[in-house]
Amino acid sequence: MKSVHFLIDRSGIVDYVISPVIRNKKTLRERGYKVKLFEKITKECLTCDILILLSKPLFKLMKDDVMPVIVEPNPIISLLQEAKRRANKVIWLDTSDSTTVTHFELIPYVDSYLK
């Protein structure tokens with residue numbers, strides 16, 4: 001069974017992204033995926049096969065104002081480095097409103113960057 005963890009908050013954008021996952025939780029389990037949702041950054045949350053981070057909720061959880069470009073040292077990058085040590089795969093879901101706002105500078109710290 002592969003563990004899939006989502007780090008979320010309870011905002012509207014999260015509902016749109018995770019509602020299909022919640023709706024299909026049983027089917028995912030039958031196919032070998034155990035899905036858990038976390039609203040806090042913990043070692044348990046980061047320790048999994050696949051960690052999915054949603055950008056807007058993560059920025060809120062970290063109380064970090066989004067900078068135009070995220071550079072080291074930065075709490076987001078530190079978290080991604082820790083996540084890479086604990087999770088087999090880290091997926092960044094860029095949930096920013098605009099298609100012109102990107103954080104491609106995070107690509108070296110994640111396995112997949114999805115907009």
Find the distance between CG (L53) and CD1 (I8) and round it off to the nearest 0.5 Å.
12.0 Å

Let me confirm one number: the SG-NZ distance from C48 to K2, rounded to the nearest 0.5 Å.
11.5 Å

Using 30° and 60° as the class limits, which term best fits the ring planes of W92 and F59: parallel, tilted or perpendicular?
perpendicular

Within the structure provided, determine whether T102 and Y113 are in side-chain contact (heavy-atom separation under 4.5 Å).
yes

Which atom pair, heavy atoms only, marks the closest approach of L61 to E39?
CD2-O, 3.2 Å

Out of curiosity, L46 CG to L51 CG, how far, rounded to the nearest 0.5 Å?
6.0 Å

Note: K56 and T95 closest approach over all heavy atoms is N-OG1, 3.1 Å

Could you check if a side-chain atom of K89 sits within less than 4.5 angstrom of a side-chain atom of S112, using non-hydrogen atoms only?
yes

Taking the basic N atoms (NZ, or NE/NH1/NH2) and the acidic carboxylate oxygens, is any pair closer than 4.0 Å for K84 and D111?
yes

Once you round to the nearest 0.5 Å, how far does CD1 of I76 lie from OH of Y109?
12.5 Å

Could you check whether atom OH of Y33 has more than 12 heavy atoms from other residues, nucleotides or ligands sitting under 6.0 Å from it?
no

Could you go through the side chain to side chain contact (heavy atoms under 4.5 Å, CB included) check for I18 and I52 one step at a time?
CA-CA 11 Å; I18 65 167; I52 302 175; over 6 Å; no

First locate atom CG of L114, then atom OG of S55, and finally report the distance between them rounded to the nearest 0.5 Å.
11.0 Å

Interatomic distance, L80 atom CG to R85 atom CZ [nearest 0.5 angstrom]
10.5 Å

Go through it in stages, so that I can follow the logic: the residues are K34 and V4, the test is side chain to side chain contact (heavy atoms under 4.5 Å, CB included), and I'd like the CA-CA distance, side-chain angles, deciding distance and then a yes or no.
CA-CA 6 Å; K34 182 180 178 185; V4 180; over 6 Å; no

Pick out which of D9, L93, L7 makes a side chain to side chain contact (heavy atoms under 4.5 Å, CB included) with L58.
L7

Counting N and O atoms only, with roles assigned by atom type, does the side chain of N88 sit under 3.5 Å from a partner on the main chain of I50, one being a donor and the other an acceptor?
no

